[in-house]
Protein chains: 2
Amino acid sequence: MAGALSPATTTLRLIKPFSATALRRLSLFHKPKTPLSISLPPFSSTAASVPQSRRAFCSVISSAITSGEATKTETLEKKVGEFRKKIKIVDIKGGPDEGLNLLGETVVVRGWVRTLRVQRSVTFIEVNDGSCLSNMQCVMSSDAEGYDQVESGLISTGASAWMQGTVVSSPGSKQKIELKVEKLITIGKSDPSFPIQKKRVSREFLRTKAHLRPRTNTFGAVARVRNALAYATHRFFQENGFVWISSPIVTAADCEGAGEQFCVTTLVPTSGEAGDSPVNAIPKTEDGLIDWSQDFFGKPAFLTVSGQLNAEAYATALTDVYTFGPTFRAENSNTSRHLAEFWMIEPELSFADLDDDMACAAAYLQYVVEYVLENCKEDMDFFNTWIEKGIIKRLSDVAEKNFVQLTYTDAVELLLKAKKNFEFPVQWGCDLQSEHERYITEEEFGGCPVIIRDYPKEIKPFYMRQNDDGKTVAAMDMLVPRVGELIGGSQREERLDYLEERLDELKLNKESFWWYLDLRRYGSVPHAGFGLGFERLVQFATGIENIRDAIPFPRTPGSAEF
Amino acid sequence: MAGALSPATTTLRLIKPFSATALRRLSLFHKPKTPLSISLPPFSSTAASVPQSRRAFCSVISSAITSGEATKTETLEKKVGEFRKKIKIVDIKGGPDEGLNLLGETVVVRGWVRTLRVQRSVTFIEVNDGSCLSNMQCVMSSDAEGYDQVESGLISTGASAWMQGTVVSSPGSKQKIELKVEKLITIGKSDPSFPIQKKRVSREFLRTKAHLRPRTNTFGAVARVRNALAYATHRFFQENGFVWISSPIVTAADCEGAGEQFCVTTLVPTSGEAGDSPVNAIPKTEDGLIDWSQDFFGKPAFLTVSGQLNAEAYATALTDVYTFGPTFRAENSNTSRHLAEFWMIEPELSFADLDDDMACAAAYLQYVVEYVLENCKEDMDFFNTWIEKGIIKRLSDVAEKNFVQLTYTDAVELLLKAKKNFEFPVQWGCDLQSEHERYITEEEFGGCPVIIRDYPKEIKPFYMRQNDDGKTVAAMDMLVPRVGELIGGSQREERLDYLEERLDELKLNKESFWWYLDLRRYGSVPHAGFGLGFERLVQFATGIENIRDAIPFPRTPGSAEF
């Protein structure tokens, strides 16, 4: 097997040498007529000044297929080269006229071969570089330089290639332009065992190939939309004066009280991969208990389930803050809605009440949805066609419609009146189930996001602010179609005596909350916040059904592969 | 003690009721003459439409001191209110004329009292809301509404307050404007035990008050600059077409081979805070070994030390990606340079070699430094005066100067020639120590960042690309003054046979790297990347000496408090 897999550069060594000058020039546009839509540095200067190469041939090829954006400094000159934005397929095809502005230009494309169709007169090679959903259709005739690599089978699905050619208009209906290839270099061949061939593969199968699945249309699109949602998140909060803070991941505190947490320890002896760890090597006290004083942090430590309490500390100093980081649940839930490791966004607003909190949550969701609709058009069209029909309409509605709010009490009344048999019966005081939430947002309010507020205090955590009715707390859950609960938030209890009373009622140890209580001792302010599971948002925005497909490397019970 | 700490709202209950209409109007600017430098929604509309309050008095006050940005919907109307950017001190004072454009305007300030000076005729209250370093100087005469709260001592350092008044020019030299207070409301009083009084407190002491330290000048400024660095990081990579990916935090793989990692497990029984966990309750095999098959992930799992390998998988699909997330080291290092939990930025570039990598790292650093110099002027002036004299000059140099690069071999030669006694002697093949790195960047190149490249392969990890000399690898470390190594990167070994050979040489288990090797089996491409410890960057940009002061809640041996 190893013999069959010759290294990538073997290929390169087969090709006859050509000058570094030529190669470097090819990797850039040649005298562009019209500027690209994005800001790019001028092309001519670096291409003109070609450094003296003192390296072996292999390096020369290497510098051809690498970005070429840096000025190579291989002399004794000691300057670091200039970094320049890499020109990708999205830069060629992603403009308003889908590349027609570049007709007649010489361009270089670098990417991975998605399909290869050898016809009598020409060969079609579809290349993708992940910068956008669409491939560059490259058309190669048998007289083009490097055609022997097509003939010999070096170029196949999964291989990486460097192609230089002319932009010509495409007779096909799928794209406006295509690349008439003048020169092809195979960068790395693909072993015939490449598991993602043209034929459709299931998403279950692809989870076992999490390292390769971003090379598919679906997972490439998910990755780009996920990225857009993350960036839009930062933009929304930054534009509104929020400060990003990193809440701690390892913590000796348990935010919600007795959550299902992972223990973080250095007491457990593991000899790397073998995993042969004797139990009796764990330090213990005279009573046979684990001696936590010998652990790294001197006491039991856990992976955080929420950064909220920490965010509150910073909100009561900087007014508005947000976290965006990983959180963890050691729940043994093997469902399409749960991950053991997921990213959370937790804004916290001072001088704010529940109304402000709801308004912020609604504005946030509308902002990121709008951002994705505007910036990921091609990917959203793909989801609309292949993953969830109508998702663009659904998201556009969210971006435009006013959000509905109603109290928990009204919601229960509404559910009791509903002509529908629920699996879980409803009564005031019960937690709403997914079926109830989806009924409300999908059926009662026709797909409009709904915020339910003022929940019974018994079903909500200690830190939520008690309403004057003595029965409910200033909590809110935002429900969206398909996903159900997307956001959960509350106004926090800022009154020291109320908070201490609540901790006592719930038999939580006040001592361990000393610093959290301090925030109420020294200049307490009304404040509120919410939490949003980022992967749920990705599901909501892409229509992807299983949350394991909404994160690059999912962690679930029994699975921490990759 | 508990008796002395009356809840915050007791204060509120003492104040005589006034109409919601009046309060809501006060919380917004009144007919601004000139628009603020940032985009703000119009002020008049919501202030005019005052909802009918059906709540108790306490809520009315609450809606006055909360942001008021949301339209309150307390009738049965079921719309969620509009979210509007909160107006903060930075919006009043942060413009180019430092607030002079607002002379004569009525504004509201909400924040925490930093100092209080009661003079014969007037009282000066310095209020800070964390939106910027400077306080709003509020001047209150004894006939202003709420002055009784000053007299009674309710308003003291640490208390939170709501103040409405007129912007007047300040006779003081420290600021251009001040607030002539017309009305004061104490939101939350501060217990006299408030630990951060005017007198200077040490940073060591403040680490024990990590929940309150953001209320100091230094930590407020660090938080804002840290935020700016994070946002600039996202902007740089997004503008250059990189996709943010979240690499996994919990992993069964060990990137660098036998690093010092934290174990993540659910096998260890802990009953919450008590921590009484019997060792013999841990599931074991017949041989007395820990039965990992019963653990959450079915095998030993660890906190990640780097997301690089995962990033490589995505880079070889999407071309350019970056991670920005927490990473961990279970090293027992109690130094000012080490954290057990820190954030890393790890870009990975496909079709790129070491030159591209260095160019990207240099451009990145220059971008974020420039961003901070432009967007955090006030905070940087503060650091320049109080933390590290000359830091602005040092950073400006970095933003403007060309970075120097030299090979490891040249660096060693240079150190051997240096007229300096190093603690650790230098010879080719040794790892460079901090003293060597600082000598090179600080003395040899006068404060210019220096990249050292092409290190001996023996002192670098398995994944780095072997140079043709057979002795060195395409690694690079960027050294900066004061901090030393800030960035470490390399071109990755993309040749399958070279990589497998190296794994064998280092006796690493090839099986466990199956997916990493797959990236070389299927369309391998030259690629490169680097890693940057985010807290080191914060140190570099602020001059803060101890890394524990560069992250909100530091985790170090023996400490996972908060």
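Every chain is numbered from 1 and lettered A, B, ... according to where its sequence line falls, protein lines coming before strand lines. What's counted below: heavy atoms across the whole structure, side chains too, no hydrogens, waters or symmetry copies.
One distance of note links CZ of A:Arg84 with SG of B:Cys360; it measures 14.0 Å at 0.5 Å rounding. Summarising the geometry, atom NZ belonging to B:Lys284 is positioned 13.0 Å from atom OG belonging to A:Ser277; distances are rounded to the nearest 0.5 Å. The CG atom of B:Asp355 lies 13.5 Å from the CD atom of A:Glu82; values are rounded to the nearest 0.5 Å. Going from atom CZ of B:Phe262 over to atom OG1 of A:Thr266 covers 6.5 Å, rounded to the nearest 0.5 Å.
Taking the side chain as every heavy atom from C-beta outward, A:Ile282 and B:Ile282 approach each other to under 4.5 Å. Contact check for B:Phe297 versus A:Ser559: no side-chain heavy atoms found under the 4.5 Å cut-off. Looking at A:Phe553 and B:Ser247, their side chains never come closer than 4.5 Å, going by heavy atoms from C-beta outward. Between A:Ser246 and B:Pro326 the shortest side-chain heavy-atom distance does not fall below 4.5 Å. Between B:Leu318 and A:Asp129 there is no side-chain heavy-atom pair separated by less than 4.5 Å. In this structure, the side chains of A:Phe83 and B:Leu349 come closer than 4.5 Å at one or more pairs of heavy atoms. Residues A:Ile187 and B:Phe351 are in side-chain contact: their nearest non-hydrogen atoms beyond the backbone lie under 4.5 Å apart.
There is no contact between A:Asp287 and chain B, counting heavy-atom distances below 4.5 Å. Using a 4.5 Å cut-off between heavy atoms, B:Tyr364 makes no contact with chain A at all. Interface remark: B:Phe219 contributes no atoms to any contact with chain A (heavy atom separation under 4.5 Å). In this structure, chain B has heavy atoms under 4.5 Å from both the backbone and the side chain of A:Leu519. Contacts of B:Ala528 with chain A are absent, with no heavy-atom separation under 4.5 Å from either backbone or side chain. Using a 4.5 Å cut-off between heavy atoms, B:Thr265 contacts chain A through both its backbone and its side chain. Looking at B:Trp343, the atoms closer than 4.5 Å to chain A (heavy atoms on both sides) all sit in the side chain, from C-beta outward. In this structure, chain A has no heavy atom under 4.5 Å from any part of B:Leu267.
The candidate from B:Tyr231, B:Phe194, B:Tyr516 with the greatest count of non-hydrogen atom pairs under 4.5 Å with chain A is B:Tyr231. Most heavy-atom pairs under 4.5 Å with chain A: of the set B:Ile245, B:Ile551, B:Leu303, this distinction falls to B:Leu303. Counting heavy-atom pairs closer than 4.5 Å to chain B, the top-ranked of the candidates A:Asn402, A:Asn240, A:Val264, A:Val404 is A:Asn240. When the candidates B:Arg226, B:Arg213, B:Gln238, B:Glu561 are compared by the number of heavy-atom contacts under 4.5 Å with chain A, B:Gln238 comes out ahead. In terms of non-hydrogen atom pairs under 4.5 Å with chain B, the most contact-rich of A:Gly298, A:Gly158, A:Cys263 is A:Cys263. By number of non-hydrogen pairs under 4.5 angstrom with chain A, the leading residue of B:Ser131, B:Ala159, B:Ala313 is B:Ala313. Contacts with chain A were tallied for B:Ala362, B:Ala330, B:Ala363; B:Ala330 has the most, counting heavy-atom pairs under 4.5 Å. In terms of heavy-atom pairs under 4.5 Å with chain A, the best-connected choice from B:Pro248, B:Gly241, B:Ala340 is B:Pro248. Ranked by heavy-atom pairs under 4.5 Å with chain B, the first of A:Asn310, A:Asn332, A:Leu406, A:Val321 is A:Asn310.
Between B:Lys86 and A:Asp356, none of the side-chain N atoms (NZ, or NE/NH1/NH2) sits under 4.0 Å from a carboxylate O, so this pair counts as no salt bridge.
Looking only at distances, no side-chain donor or acceptor of A:Asp191 sits under 3.5 Å from a matching main-chain atom of B:Arg521. For the pair A:Arg555 (side chain) and B:Val250 (backbone), a donor-acceptor distance under 3.5 Å is present. B:Ser524 places no side-chain N or O within 3.5 Å of a backbone atom of A:Gly188 that could act as its donor or acceptor partner. Remark: the backbone N or O of B:Trp244 is paired with a side-chain donor or acceptor of A:Asn227 at under 3.5 angstrom. Of the possible donor and acceptor atoms, one in the side chain of A:Glu341 sits under 3.5 Å from a partner among the backbone N and O of B:Ile249. Counting only distance, with no hydrogens or angles, the side chain of B:Ser190 and the backbone of A:Gly523 share no donor-acceptor pair below 3.5 Å.
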Go through it in stages, so that I can follow the logic: the residues are A:Lys209 and B:Asp518, the test is salt bridge (charged side-chain N to carboxylate O under 4.0 Å, His left out), and I'd like the CA-CA distance, side-chain angles, deciding distance and then a yes or no.
CA-CA 10 Å; A:Lys209 308 284 177 196; B:Asp518 262 7; 5.4 Å; no

Verify side chain to side chain contact (heavy atoms under 4.5 Å, CB included) between A:Leu289 and B:Val279, making sure each step is shown before the conclusion.
CA-CA 5 Å; A:Leu289 303 178; B:Val279 168; over 6 Å; no

Step-by-step side chain to side chain contact (heavy atoms under 4.5 Å, CB included) determination, B:Trp292 to A:Val268:
CA-CA 11 Å; B:Trp292 291 111; A:Val268 178; 3.3 Å; yes

Step by step, work out the side chain to side chain contact (heavy atoms under 4.5 Å, CB included) result for B:Arg215 and A:Tyr522.
CA-CA 11 Å; B:Arg215 296 194 198 172; A:Tyr522 309 117; 3.9 Å; yes

The test is side chain to side chain contact (heavy atoms under 4.5 Å, CB included); show your working for A:Lys79 and B:Phe403 and say whether it passes.
CA-CA 6 Å; A:Lys79 296 276 157 59; B:Phe403 286 30; over 6 Å; no

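Annotation for B:Tyr314 and A:Ala223: closest pair CE2-CB, 4.0 Å, computed over non-hydrogen atoms. Contact detail for B:Lys85 and A:Glu239: the closest heavy-atom pair is CE-O, 2.9 Å.
In this structure, a donor-acceptor pair under 3.5 Å is absent between the side chains of B:Thr316 and A:Trp112.
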